[in-house]
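Below is one structure; the comments refer to it alone.
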Amino acid sequence: MYVVMVASECAPVAKAGGLGDVIFGLSRELEIRGHEVEIVLPKYAGMRHEDVWGLTIDYHDLWVPWHGDAVHCSVWFGYVHGRKCFFIEPHSDEGFFDRELMYGYADDVDRFTFFSKAAMEYLYKVGKRPDVIHCHDWQTGLVPVLLYEQYGHVMPDQRVCYTIHNFRHQGLTGPKELWSTQLGRPDYFLDRVRLGDDHSFQAVNLMKGGVVYSNFTTTVSPNHADEARYGDGGDGLGPTLSTHQAKFGGVLNGVDYDTWNPEIDPFIPERYSAEWIDGKYAAKRRLRERLWMRDTYSPIVAYVGRLDTQKGVHLVHHALFYALEKGAQFVLLGDGLDKEINGHFRHLKHYLNDNPDCHLEVGYSEELSHLIYAGADMLVVPSMFEPCGLTPMIAMRYGTIPVVRGVGGMVDTVFDRDFSDRPDWQRNGYVFHQADNAAVESALERAFGLWYDHPGEFRQLMLNAMRSDYSWARPGQDYVNIYDHIRHK
Ligand SMILES: Nc1ncnc2c1ncn2[C@@H]1O[C@H](COP(=O)(O)OP(=O)(O)O[C@H]2O[C@H](CO)[C@@H](O)[C@H](O)[C@H]2O)[C@@H](O)[C@H]1O
């Protein structure tokens with residue numbers, strides 16, 4: 001099968017969070033299974049050029065229709081750790097991708113609407129006719145709309161799988177984007193059976209367009225699929241998902257064990273595995289050295305992730321002080337687009353600067369994240385909602401015990417040591433349910449208790465976590481089944 005991924009991220013060349021991991025990991029898995037995969041991305045000025053091999057211009061003169069005119073683009077090709085990636089570079093006055101960050105600009109909707117249009121125009125012009133186009137999140141929700149409304153006559157056999165990684169951001173905009181992409185016809189598209197938002201009058205909802213027009217829509221865990229359809233996890237899209245229930249489902253993400261694996265990880269001091277775990281203690285020592293923390297007999301609790309209300313940052317804050325109060329150490333690596341939240345953690349960093357038991361790194365570092373996953377004892381993930389939650393899955397591979405709130409995909413992956421109904425060998429972490437300080441404390445207290453008083457049992461829990469299998473093998477097969485299903489309909 002020939003699959004083209006159209007996405008705003010791909011790890012590690014252009015990664016802001018978990019979406020990037022999924023694009024890379026799923027593409028790799030599909031290739032291992034013998035399918036041909038190409039990835040179409042924006043050419044961000046700030047992308048990590050050192051992760052692209054052989055970057056050259058593949059197509060010089062792509063003219064993308066835009067606002068009754070056309071924008072000149074170049075399309076670059078390069079390998080990202082073996083994956084075939086095409087980068088679209090528009091030469092327009094707006095400098096859509098010629099900026100420091102990937103997201104966070106007032107014209108984000110314009111930028112990614114343009115990208116969706118450019119990706120379709122590129123496929124059309126160069127004659128690429130994939131069996132399946134797989135697009136992701138609001139940024140590329142317009143891709144199936146454009147395919148069926150504009151390119152259908154030249155690409156009649158192409159099918160679209162659309163994956164939602166985060167319902168919180170749906171790409172709400174005015175009818176302007178209908179004109180810029182030359183879809184026009186606001187009365188037709190603003191109808192609620194198409195792109196018309198159910199809650200904001202006269203608003204175009206790009207994510208809704210993705211759901212309505214795709215041949216199949218997934219979100220990134222079975223539990224979150226239920227939350228989105230039956231609860232408020234769909235942020236208003238629940239009724240649309242119910243209308244399209246026959247083509248909606250949850251597929252749990254995988255973790256790319258070629259990237260996240262203590263047996264081969266180049267960023268940790270000694271390799272280790274469930275059979276030979278001593279290297280984990282070397283990583284703990286290295287982490288303390290690197291972050292100027294003292295060497296003491298205590299567990300290290302970590303947080304790695306975007307700093308966003310989604311992640312329960314008020315509970316991260318509380319977990320930090322609770323851990324310190326209990327004699328544990330705390331490490332944080334995170335950044336985000338919200339100036340207030342970033343500012344709060346910068347302020348905390350300053351306040352705790354001389355404390356030898358904690359370190360806060362407000363920024364982004366792929367390399368440091370590996371050392372933290374390996375060197376910490378526990379990873380706290382107190383999210384308000386979490387469609388999948390890759391960080392606990394990654395942590396488990398490194399024998400770091402997840403302490404998570406039981407929401408979204410974390411219900412499908414983390415099983416409480418004390419209260420799960422799973423057999424003992426499948427229990428791999430701690431789960432709490434309420435979104436308050438007492439709930440976080442109770443879970444951390446149980447984890448600390450085991451670490452201090454029953455180290456042998458804590459070690460067993462680590463081994464259970466390391467042996468939990470969250471590779472791409474199963475989800476890879478699930479996506480192949482979905483692709484097959486929509487191709488033959
Ligand atoms: N400051 C930093 N420095 C270095 N690395 C950092 C970092 N901040 C985050 N990361 C990395 O980014 C990834 C984040 O994974 P998450 O599952 O938390 O995804 P996220 O919430 O971004 O995306 C959404 O998409 C993913 C994928 O579908 C879902 O798992 C998730 O629930 C949903 O919210 C991990 O690889 C983590 O190590």
Side-chain angles (χ1 to χ4, degrees), residues 1-10 13-14 23-24 26-28 30-31 34-45 47 49 51-92 94 96-98 111-136 139-162 180-183 210 213-215 483 486-487:
M1 216 173 336
Y2 171 26
V3 179
V4 169
M5 297 272 168
V6 182
S8 55
E9 296 185 28
C10 177
V13 64
I23 301 303
F24 184 89
L26 174 58
S27 301
R28 178 170 174 271
L30 292 169
E31 283 180 36
H35 304 291
E36 189 181 348
V37 183
E38 293 176 343
I39 305 171
V40 180
L41 299 157
K43 187 166 184 293
Y44 299 105
M47 73 185 196
H49 281 85
D51 286 307
V52 197
W53 184 81
L55 191 64
T56 43
I57 291 194
D58 174 68
Y59 195 80
H60 279 278
D61 291 317
L62 179 71
W63 288 92
V64 179
W66 187 245
H67 279 297
D69 201 346
V71 172
H72 180 214
C73 299
S74 307
V75 183
W76 297 69
F77 171 78
Y79 286 96
V80 174
H81 298 264
R83 310 286 80 71
K84 290 181 188 160
C85 293
F86 295 86
F87 302 91
I88 296 182
E89 179 186 34
H91 307 289
S92 67
E94 295 95 335
F96 282 141
F97 304 111
D98 211 3
R111 298 167 68 223
F112 291 101
T113 298
F114 179 80
F115 170 63
S116 300
K117 175 77 185 169
M120 286 309 302
E121 188 68 16
Y122 172 62
L123 297 184
Y124 161 54
K125 283 279 167 59
V126 299
K128 287 184 189 289
R129 298 293 182 265
D131 298 301
V132 173
I133 300 173
H134 192 160
C135 52
H136 302 261
Q139 289 88 344
T140 54
L142 215 50
V143 164
V145 182
L146 294 168
L147 175 64
Y148 290 103
E149 296 286 357
Q150 282 183 338
Y151 294 87
H153 61 294
V154 281
M155 301 173 77
D157 300 324
Q158 280 50 58
R159 298 288 177 266
V160 178
C161 177
Y162 179 52
S180 62
T181 51
Q182 303 179 344
L183 282 165
Y213 278 83
S214 63
N215 301 94
Y483 299 162
I486 58 182
R487 275 174 70 204

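We number each residue from 1, following the sequence as shown. For the numbers below, each heavy atom of this structure counts, side chains included, while hydrogens, waters and symmetry mates do not. Note that the structure is a prediction, hence the values are computed from the model and not measured.
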Rounded at 0.5 Å granularity, tell me how far [atom1] in [X] sits from [atom2] in [Y].
X	Y	atom1	atom2	answer
Lys43	Ile88	NZ	CD1	12.5 Å
Leu142	Leu147	CG	CG	11.0 Å
Lys128	Tyr2	NZ	OH	4.0 Å
Leu41	Ser8	CG	OG	8.5 Å

Among residues two or more places apart or on two chains, list those pairs meeting salt bridge (Lys or Arg N to Asp or Glu O under 4.0 Å) that have a residue in residues 52-67. none
Could you note down all residue pairs passing salt bridge (Lys or Arg N to Asp or Glu O under 4.0 Å) where residues 145-156 supplies at least one of them, sequence neighbours left out? Glu149-Arg185
Which residues pass the ring-ring contact (aromatic ring centres under 6.0 Å, His included) test with [X], sequence neighbours left out?
X	value
Tyr59	none
Phe114	Trp66, Phe96
Phe97	Tyr44, Phe112

Do [X] and [Y] have side chains that get closer than 4.5 Å, going by heavy atoms?
X	Y	value
Pro130	Val3	no
Thr113	Ser180	yes
Arg487	Val132	yes
Met120	Ile133	yes
Glu121	Tyr151	yes
Ile23	Arg28	no
Val37	Met5	yes

Tell me the closest heavy-atom pair linking [X] and [Y], and the distance in Å.
X	Y	answer
Ser27	Ile39	OG-CD1, 3.5 Å
Ala7	His136	CB-CD2, 4.1 Å
Cys135	Val143	SG-CB, 4.0 Å

Only pairs under 3.5 Å count here: list side-chain donor-acceptor contacts from residues 73-87, not counting sequence neighbours, and write none if there are none.
{"from": "Ser74", "atom 1": "OG", "to": "His91", "atom 2": "NE2", "distance (Å)": "2.7"}
{"from": "Trp76", "atom 1": "NE1", "to": "Glu89", "atom 2": "OE1", "distance (Å)": "2.9"}
{"from": "His81", "atom 1": "NE2", "to": "Asp51", "atom 2": "OD1", "distance (Å)": "2.8"}
{"from": "Arg83", "atom 1": "NE", "to": "Glu31", "atom 2": "OE2", "distance (Å)": "3.2"}
{"from": "Arg83", "atom 1": "NH1", "to": "His81", "atom 2": "O", "distance (Å)": "3.2"}
{"from": "Arg83", "atom 1": "NH2", "to": "Glu31", "atom 2": "OE1", "distance (Å)": "3.3"}

Between His72 and His60 (side chain of the first, backbone of the second, donor and acceptor by atom type, cut-off under 3.5 Å), is there such a pair? yes
Output all residues satisfying side-chain contact (heavy atoms from CB on, under 4.5 Å) with [X], sequence neighbours left out; order by chain, then residue number.
X	result
Asp69	none
His153	none
Arg129	Tyr124, Met155, Gln158

Is there any side-chain hydrogen bond (donor to acceptor under 3.5 Å, both in side chains) pair reaching into residues 139-148, and which pairs are they, with sequence neighbours excluded? Tyr148-Asn215
Among residues at least two apart in sequence or on other chains, which ones pass side-chain hydrogen bond (donor to acceptor under 3.5 Å, both in side chains) with Gln150? Lys117
For Ser214, which residues count as a side-chain hydrogen bond (donor to acceptor under 3.5 Å, both in side chains) partner, sequence neighbours excluded? Thr217
Would you please test Leu62 and Lys125 for side chain to side chain contact (heavy atoms under 4.5 Å, CB included) and show each step? CA-CA 8 Å; Leu62 179 71; Lys125 283 279 167 59; 4.1 Å; yes
Compute the centroid of each ring, for His134 and then for Tyr483, and state whether the two points are separated by less than 6.0 Å. yes
